[in-house]
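Here is the structure we will look at.
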Amino acid sequence: MPDFDSGSDSDSDSDAPDAYEELLDRVERLAYLGDAGGVLAWDQQVTMPDGGAPARAKQQSALSGVVHDRLTDDELGSLLDELAALDDDDDDTLTGDQRAVVRETRRDYEEETRVPGDLVEAITETSSTAQRVWQEAKAEDDFESFAPTLDEIRELHVERAEYVDSGRDPYRVMFEGVDPDLELATVEDVFADLEEALVPLIDDLKAADPDLATLPDDEWSEETELALDRAALEELGYDFDRGRLDTSPHPFTSGTQFDCRVTTWAKPTEPLNSLLATIHEYGHASYQLGLPREHYGTPLGQARGEIHESQSRFWENHVARTRPFCEYFAPTLNDHLGTDLAPHELFEAANQVYPENLIRVEADELTYHLHIILRTEVEKRLVRGEIDVEEVPGVWNDRMDDYLGVRPETDSEGCLQDIHWTSGFAGFQSYTVGSVLAAQLDAAMREDIDEDVDELIRHGEFDPLLAWMNEHVHRHGQRYPTDELIERSTGEPLTAEYFIDYAREKFGELYGV
């Protein structure tokens, strides 16, 4: 059994130095401002009328400017220096939790002080405006209308990276901004291991071509799909007193441990796509809602980026796509959709591999990672200036052909399909890292829990699974760096081994290879 170290629950701040108390007050206020910006961003994608975009961009820009000014305030730097000096003089001055707060705050402070405030505001305003430009370009299949905006975003983020560290590769600087605690080399090794294992496995599955069940060739209303999605959230235990379900152009989750909202999308002919997207977002929400409430506003009450995707992929793939879940949930799905699928048919429909699929968020569990590798390659070359923005569609289509043997007929199905580049770069790898970590966490959990996990899922008893994640992941917030949290929660460093073994066993059995 892994040697789990749960760490400290909550070191008291009652005897903290005055400098720490003042630092904590400043940190909390910064978090509250950031969360207010999150609500504005949620509103922009869910309820805001189209005409509100120009004003919202200004609002977000002004708010980001205030956050930047507060984060780079000289007095904040002085408090950090004072605490560092105190801790050097006496190792017992700060508790472990307090050191974590200082560590995370110092990192943010040191990075932000290198970046001019007007650049921060320009990035925020451009990103906010870009979301509407992207939506219209995707709807019209018009990459040329989005290209100038994408070029501006690239230039702004490269400029920011140069301020942070002018002597280094801008993509690496951006990557470290997404998660500074995972080495880029580690992620590249994971990608290489996955590519080596998945490409031949997918070829074998394509050659097998078994007769697997699918959903009926029919259409369902948005109301029907959302009712099914809501039922799934209720079964999983989503707390609607602290959340809500809405639709958006691209499914996402936003919020805090007190208010965490999920969105999904309706797919008239693909209700399983909507269902799995909803459960994916539930995984994100489970992390946010599981963060310690007493530490709201501090790093101890905030999530880790790379860890976040492991939670969504765990609930989507290691719960919702399993045979036991299909046995449990098939009656509910049939009631809502008016279908008559047997549990094994639902399992087959939810787990088929579609190499010809062009859309990442609709991709199966295996080819999904080739989509991520493709996107990461394209954005690396774009950020490093190896290709121009105008070349993105062609490069994208070529790599899609190389990896999956298909070419998008439209840019809406190609490089315009994701919203992510409106807010920056070097984040796509999180999806694959999250999937790899989800398999590693699943293996550790199954070894650690006394009860049979499959039996729990089969009977709709999800609380023990959530409790394990709360105990080993959620409650720590940012107490530990990402790499340390992974090792504490699973007993070993990040590795692709568990995902590869899981994929070979699951799909080998399903496809008979």
Side-chain angles (χ1 to χ4, degrees), residues 2 4 179 182 190 194 232-233 235-238 251-253 260 262 264 275-291 303-326 328-329 347 350-351 361 363-366 368-369 372 429-449 451-458 460-476 482 485-492 494-503 505-507:
F4 297 114
D179 196 324
L182 274 183
V190 166
L194 288 176
L233 292 177
E235 295 286 356
L236 291 169
Y238 179 58
F252 72 98
T253 300
C260 188
V262 302
T264 190
L275 175 65
L276 291 169
T278 304
I279 295 175
H280 177 102
E281 298 306 328
Y282 163 77
H284 284 302
S286 73
Y287 188 9
Q288 287 297 132
L289 294 173
L291 293 168
R304 285 282 184 207
E306 300 286 6
I307 303 296
H308 233 307
E309 202 61 33
S310 75
Q311 301 305 288
S312 60
R313 299 298 279 179
F314 169 77
W315 287 97
E316 177 189 355
N317 295 332
H318 296 274
V319 176
R321 291 185 192 263
T322 64
R323 287 187 186 275
F325 185 83
C326 291
Y328 169 73
F329 196 70
F347 176 74
N351 287 285
V361 293
D364 59 80
E365 201 174 349
L366 297 188
Y368 183 91
H369 300 290
I372 297 302
Q429 76 283 342
S430 298
Y431 292 109
T432 284
V433 170
S435 293
V436 165
L437 179 54
Q440 192 168 333
L441 287 166
D442 180 64
M445 180 186 67
R446 288 174 180 272
E447 186 176 350
D448 192 46
I449 289 181
E451 300 169 90
D452 185 316
V453 171
D454 284 341
E455 283 301 304
L456 291 172
I457 296 173
R458 184 173 286 111
E461 298 175 12
F462 304 111
D463 286 349
L465 282 63
L466 181 60
W468 192 92
M469 289 297 181
N470 285 156
E471 172 69 17
H472 295 285
V473 179
H474 305 164
R475 72 184 180 90
H476 295 302
T482 301
L485 179 57
I486 291 171
E487 194 155 357
R488 284 176 175 270
S489 60
T490 69
E492 57 188 311
L494 180 70
T495 172
E497 175 186 349
Y498 292 96
F499 180 83
I500 292 170
D501 289 347
Y502 154 82
E505 179 180 353
K506 175 180 178 178
F507 291 95

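What you are looking at is a predicted structure, and each value in this text was computed from that prediction instead of being measured.
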*Pick one: which of Tyr498, Phe499, Tyr502, Phe325 meets ring pair (Phe, Tyr, Trp, His ring centres under 6.0 Å) with His318?*
Tyr502
*Just wondering, are more than 12 heavy atoms of other shown residues or ligands nearer than 6.0 Å to CD in Glu505?*
no
*Give the minimum heavy-atom separation between Phe507 and Asn351, together with the two atoms involved.*
CE2-O, 3.1 Å
*For the pair Ser489 (side chain) and Ile486 (backbone), establish whether a donor and an acceptor sit closer than 3.5 Å, ignoring hydrogens and angles.*
yes
_Distance, nearest 0.5 Å, that separates CG of Leu233 from OG1 of Thr278_ = 6.0 Å
*Minimum heavy-atom distance Pro464-Leu456, with the two atoms named*: CB-CD1, 3.9 Å
*Without hydrogens or angle criteria, can the side chains of Glu309 and Ser312 be said to hold a donor-acceptor pair below 3.5 Å?*
yes
*Separation of Ile449 CD1 from Leu465 CG (nearest 0.5 Å)*: 5.0 Å
_Tell me whether Glu365 is salt-bridged to Lys506, with the criterion being a basic N under 4.0 Å from an acidic carboxylate O._
yes
*Heavy atoms only: give me the nearest Thr253-Ala285 pair and the separation to one decimal.*
CG2-N, 4.0 Å
*asked:* If you compare all heavy atoms of Ala303 against all heavy atoms of His308, which two are closest, and at what distance to 0.1 Å?
replied: CB-CD2, 3.6 Å
*asked:* Distance alone, cut at 3.5 Å: any donor-acceptor contact between the side chains of Tyr282 and Glu316?
replied: no
*Are any non-hydrogen side-chain atoms of Val262 and Tyr238 less than 4.5 angstrom apart?*
yes
_His472 side chain reached by Leu441 side chain, heavy atoms, under 4.5 Å_ = no
*Calculate, to the nearest 0.5 Å, the distance between atoms CZ and CG belonging to Phe329 and Leu236 respectively.*
8.0 Å
*asked:* Measuring only between side-chain heavy atoms, which start at C-beta, is Thr490 closer than 4.5 Å to Gln440?
replied: yes
*Nearest-0.5 Å distance that lies between atom CG in Leu276 and atom CD in Glu281*: 11.5 Å
_Residues Arg304, Tyr287; criterion side chain to side chain contact (heavy atoms under 4.5 Å, CB included); working and verdict_ = CA-CA 10 Å; Arg304 285 282 184 207; Tyr287 188 9; 3.7 Å; yes
*Measuring from Leu182:CG to Asp179:CG, what's the distance to the nearest 0.5 Å?*
5.0 Å
*Under 3.5 Å, is there a donor-acceptor pair between the side chain of Tyr431 and the main chain of Arg313?*
no
*Looking only at heavy atoms, what is the nearest atom pair of Leu291 and His474, with distance?*
CD2-O, 3.3 Å
*Please say which of Arg323, Glu461, Glu235 ends up in a side-chain contact (heavy atoms from CB on, under 4.5 Å) with Tyr328.*
Glu235
*Got more than 12 heavy atoms from elsewhere within 6.0 Å of CG, Asp463?*
no
*Heavy-atom side-chain contact between Phe314 and Met445 under 4.5 Å*: yes
*Check whether any side-chain heavy atom of Ile307 sits under 4.5 Å from a side-chain heavy atom of Thr482, and report yes or no.*
yes
*Close side-chain approach of His369 and Ser435, heavy atoms under 4.5 Å*: yes
*Charged N to carboxylate O below 4.0 Å: is that the case for Arg446 and Asp452?*
no
*asked:* Any donor-acceptor pair under 3.5 Å linking the side-chain atoms of Gln311 with those of Ser286?
replied: no
*Of the non-hydrogen atoms in Ala496 and Leu194, which two are nearest, and what is the gap between them?*
CB-CD2, 4.3 Å
